[in-house]
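Have a look at the structure below, then the notes.
This structure is a prediction, so every number in the text was calculated from the model and none was measured. All heavy atoms count here, side chains included; hydrogens, waters and symmetry mates do not.
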Amino acid sequence: MRYRNSLLPTLKEAPADATSVSHVLLLRAGFIRRMGAGIYGFLPLGVRVLNKVASIIREEMNRAGSEEVLLPALLPAEYFQESGRWDTFGDTLFRLKDRKRGDYHLGPTHEEIITDVIRREVKSYRDLPRSLYQIQTKFRDEPRPRGGLLRCREFIMKDAYSFHVSEDDAKQGYETMRLAYRRSFDRMGLDYRMVKADSGAMGGSGSAEFQVLVQSGEDLLVACKSCEYAANLEVAESAPLAPVGPDGEPPPVERVHTPKVGSIADVSRFLKLPEERFLKSLVYLAGGELVLAVVRGDHEVHEVKLARALGLSEVHLASAADVAKATGAAVGFAGPVGFKGRVVIDRDAANVRDAVTGANESDHHLTHVSVGRDFNAEVAQIRQVLAGDRCPSCGAELDCYRGIEAGHIFLLGTRYTSAMGGKYLDETGKEQTIVMGCYGIGVSRLVATVIEQHHDQNGIRWPMSLAPFQVQVVALGESPEVKAAVAQIEGGLEQAGIEVLVDDREERPGVKFKDADLVGVPLRVTVGEKGLKTGHVELKPRSEPDPKKVELVPLDAIVETLVLRVRRELGGKA
RNA sequence: CGGGGCGUAGCGCAGCCUGGUUAGCGCACUAGACUGGGGGUCUAGGGGUCGCCGGUUCGAAUCCGGCCGCCCCGACCA
């Protein structure tokens, strides 16, 4: 491909409204352009990368025995009405009406539609298992799109669905997908973790996220330094902490005056006791009632875990007025002793002996509080796991990371098939409900995610497997010798099936080098009169940060050298 | 949805507070010359309903009101 014939508009300065690294680089390097909030168009370079991401996923899905389908994005309301999601999906669903005033929506995900396909075609256990996938544009009216391609309202997703005769068989399908995901992300050169995740509103019995580790990620995770354990903070567990406080039965509860010291840090200093000896008590509004959540003074409540422990989808901190009503004291002096209502205590807080708590009376605390003796509470893991906590599976230390969710796999059970009549006849002729799994990968999000992990000050550094071109030839000057050499290299590479971009613009060398670094093609060949005098061209990998580190390769050997390097890099990741 | 910010040429910005004739600067773009290995220099150009609607005023990019759009933090996120 020749630069002069291509739309490759690079920008020296980034648009002011782009902040994340991938967003800035995708705009500057001319891969995408914004058409609206969370709505992007792909220019030629962007499409090339998008297609590479899709191809890798397609190859791995096919290898895993899944078959590609293409379902509509424009959908009559009846399917979501049947599953109930027409009402529960809320404002995230893009809804529209046709000319006959019928209700339609744009597909945010396709469990119902695929279930409809399967229930019509599958009648017998002999037809199972089945696995289908599609790569398609999805629409979600996100409350807050952000980060360019990282969170869009229109985006491209690979969604796969598997159908089974039993939970056991579904687990096998899930395992097959897990491997296909690993292979896909490995081939893309990503540093990621597979983590235990919350199934959320999807329902179902289990799920795992594939989180790409980057500082700019919006998800928080923990991973064990030694074993395979890794989890989203929303579901992370830790090994129990050792009890704190003196052995033996504490003295009776004592009420102490703690004037104007509400925070744990202040009271800790005032009473000269470490924060871990405190029971921090927070009042939450949970499903219409006020609930007291208790964690150790040096820990924080994780609201998603608290909500799950209570069997609810969400909880909110109570207002100051509600706190006063529930405890009879100002915020900062709540405590479990004598609290009228449900009390949930974190497992590690329940292990504090001789504790300090709020007294449910302004400016007062209680000391020598003993869990079980002075109050009763439900015990659950409701605190945030911290770096340095111990792994629940092997006891080694846990690390904290930030990640971008690139994929998510779910065991769905019969959530959709039972609501929509997805049934089959088993060997004995008895009607059974089909068991389901679903599996998503954010295809367009991956384009940005890869950049978040593969870039430097000068631009993008594509892995060979995803690069829009594998080789970029920079032609310096307009002399016949240079033109002939460039054409020779270009022809040789194309014959070998390698994608090559030739910068044949009438620009100064500096401009071409800067643009090449920005666009991030992995191998760069510079053809200039200087080198040609001795029969050489220059080869520089994009991964080499020093612009002066180029390798001289004889002109007649350059094509072979490049072909070998491209194949080696592709082979190593495939 | 709560909080904050922004909207002036394709991109980055100044001007607005304190209203006043042809609305500026850098990059990019067009033409020419010089230049030619890491975003060059000079000369001459083209490109704007100052987000939209209304109001105040002799006069509005500038003041006032309303609306729209976009970004960031948070809530939210199958």
**OP:** Please state the C1' separation for the pair B:rG51 and B:rA61 - nearest whole angstrom.
**Re:** 12 Å
**OP:** Salt-bridge test for A:Glu551 and A:Arg524: reply yes if a basic N is under 4.0 Å from a carboxylate O, no otherwise.
**Re:** no
Subject >> Span that lies between the C1' atom of B:rC42 and that of B:rG38, in whole angstrom >> reply: 22 Å
**OP:** Please determine if a side-chain N or O atom of A:Arg508 lies less than 4.0 Å away from the OP1 or OP2 oxygen of B:rG40.
**Re:** yes
Original post:
Between B:rC72, B:rG12, B:rC29, which one does the side chain of A:Glu507 approach most closely?
Top reply: B:rC29
**OP:** For B:rC16 versus B:rU21, give the span between their P atoms, rounded off to a whole number of Å.
**Re:** 13 Å
Subject >> ring pair (Phe, Tyr, Trp, His ring centres under 6.0 Å) assessment of A:Trp462 paired with A:Phe31 >> reply: CA-CA 13 Å; A:Trp462 292 111; A:Phe31 285 69; 5.6 Å; yes
**OP:** Sort and list the pairs that fulfil salt bridge (Lys or Arg N to Asp or Glu O under 4.0 Å) and have at least one residue in residues 211-220 of chain A, not counting sequence neighbours.
**Re:** A:Arg146-A:Glu218, A:Arg151-A:Glu218
Subject >> Sugar-phosphate, base or nothing in reach of A:Met35, heavy atoms under 4.0 Å >> reply: nothing
**OP:** Taking atom C1' in both B:rG15 and B:rU8, compute the distance separating them and give it to the nearest angstrom.
**Re:** 9 Å
Subject >> Side chain of A:Lys540 (C-beta onward), nearest among B:rG38, B:rG12, B:rC72 >> reply: B:rG38
**OP:** Answer yes if the side chains of A:Glu112 and A:Ser83 hold a donor-acceptor pair under 3.5 Å, and no otherwise.
**Re:** yes
Original post:
Does A:Lys512 place a side-chain N or O at less than 4.0 Å from the phosphate oxygens OP1/OP2 of B:rG39?
Top reply: no
**OP:** For A:Ala14, report the nucleic acid contact type (base, sugar-phosphate, nothing); a contact means any heavy atom under 4.0 Å.
**Re:** sugar-phosphate
Original post:
Contact class for A:Arg144 (heavy atom, under 4.0 Å): base, sugar-phosphate, or nothing?
Top reply: base
Original post:
What integer number of Å spans the C1' atoms of B:rC17 and B:rC27?
Top reply: 29 Å
Original post:
Using the P atom in both, what is the distance from B:rG66 to B:rG2, to the nearest Å?
Top reply: 16 Å
Subject >> Inter-nucleotide C1' distance (B:rG7, B:rG46), Å rounded >> reply: 25 Å
**OP:** Would you kindly compare A:Arg505 and A:Gly38 by the position of their nearest RNA chain B nucleotide and give the one closer to the 5′ end?
**Re:** A:Arg505
Original post:
So which one's nearest nucleotide on RNA chain B is more toward 5', A:Gly36 or A:Arg28?
Top reply: A:Arg28
Original post:
Would you say A:Thr19 reaches B:rC72's phosphate, i.e. side-chain N/O to OP1/OP2 under 4.0 Å?
Top reply: yes
Original post:
Under a 4.0 Å N-O cut-off, is there an ion pair linking A:Arg2 with A:Glu490?
Top reply: yes
Subject >> Separation between the P atoms of B:rA75 and B:rC70, rounded to whole Å >> reply: 22 Å
